[in-house]
Student: 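Have a look at this one.
For the single chain, residues carry numbers from 1 onward in sequence order. Keep in mind it's a predicted model, so treat the numbers as computed, not measured.
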Amino acid sequence: MNFIDMITMLKDNNHAEGYLDNIRISICPKSKVITQTTHNADGSKFTTLFANLNYEEAFSNNWGIHFVKQEKPKLHTFEEAIAAFKDGKTIKRELWSIKTISVECCPCCDDGFYAFSMEDMKTNDWVIIE
């Protein structure tokens with residue numbers, strides 16, 4: 001599929017990402033900004049606002065869609081989630097579709113600050129992303 005068709009499909013599905021070789025493309029549901037994550041051979045990855053495709057990648061007809069499998073996650077208390085966050089893990093509430101809180105936050109919508117609500121602190125629906 002071409003790039004435009006892939007982006008059109010992503011826009012309507014929060015649980016999918018586009019791919020071409022080692023490049024993953026997703027759309028932030030909050031800001032609607034396209035982000036690009038490049039997975040390197042050494043296992044590291046680098047996420048940027050979408051801007052780093054070259055001409056051949058942008059006009060390739062080899063783009064695909066990967067649907068993220070939705071398994072029921074193990075739920076944790078706020079205290080357990082914060083302890084995991086302090087250990088460098090990414091955390092989120094189960095009801096958040098894509099939003100996460102991590103040391104390496106989403107570059108498209110993160111201002112480096114998140115205020116936890118009383119509801120956040122009282123719930124037992126926190127997910128620790130491994």
Student: Yes or no on salt bridge (charged side-chain N to carboxylate O under 4.0 Å, His left out) for K74 and E80, after CA distance, side-chain angles and deciding distance?
Tutor: CA-CA 12 Å; K74 180 180 178 192; E80 292 168 330; over 6 Å; no
Student: Could you give the distance from CG (L75) to CD1 (I128), rounded to the nearest 0.5 Å?
Tutor: 10.0 Å
Student: ring-ring contact (aromatic ring centres under 6.0 Å, His included) with Y19: which residues, sequence neighbours excluded?
Tutor: none
Student: Enter the distance from D125:CG to H76:NE2 here, rounded to the nearest 0.5 Å.
Tutor: 11.0 Å
Student: Would you confirm whether D87, through its side chain, and K89, through its main-chain N or O, come within 3.5 Å as a donor-acceptor pair?
Tutor: no
Student: Tell me, do R93 and W126 make a side-chain contact under 4.5 Å, heavy atoms counted?
Tutor: yes
Student: Can you tell me how far CD1 of I23 sits from CH2 of W63, rounded to the nearest 0.5 angstrom?
Tutor: 5.0 Å
Student: For a quick test of reading the model, state the closest non-hydrogen atom pair linking S60 to L20 and the distance between them.
Tutor: OG-CD1, 3.9 Å
Student: Can you tell me how far CZ of F116 sits from NZ of K122, rounded to the nearest 0.5 angstrom?
Tutor: 16.0 Å
Student: Mind checking the OG1-CZ spacing from T90 to F85? Nearest 0.5 Å is all I need.
Tutor: 8.5 Å
Student: So V127 and I91, side-chain contact (heavy atoms from CB on, under 4.5 Å) or not? Walk me through it.
Tutor: CA-CA 6 Å; V127 177; I91 60 173; over 6 Å; no
Student: Using the side-chain contact (heavy atoms from CB on, under 4.5 Å) rule, take I65 and M6 through it: C-alpha gap first, then chi angles, then the decisive distance, then the call.
Tutor: CA-CA 7 Å; I65 294 285; M6 183 267 305; 3.6 Å; yes
Student: Find the distance between CE (M1) and CG (N62) and round it off to the nearest 0.5 Å.
Tutor: 11.0 Å
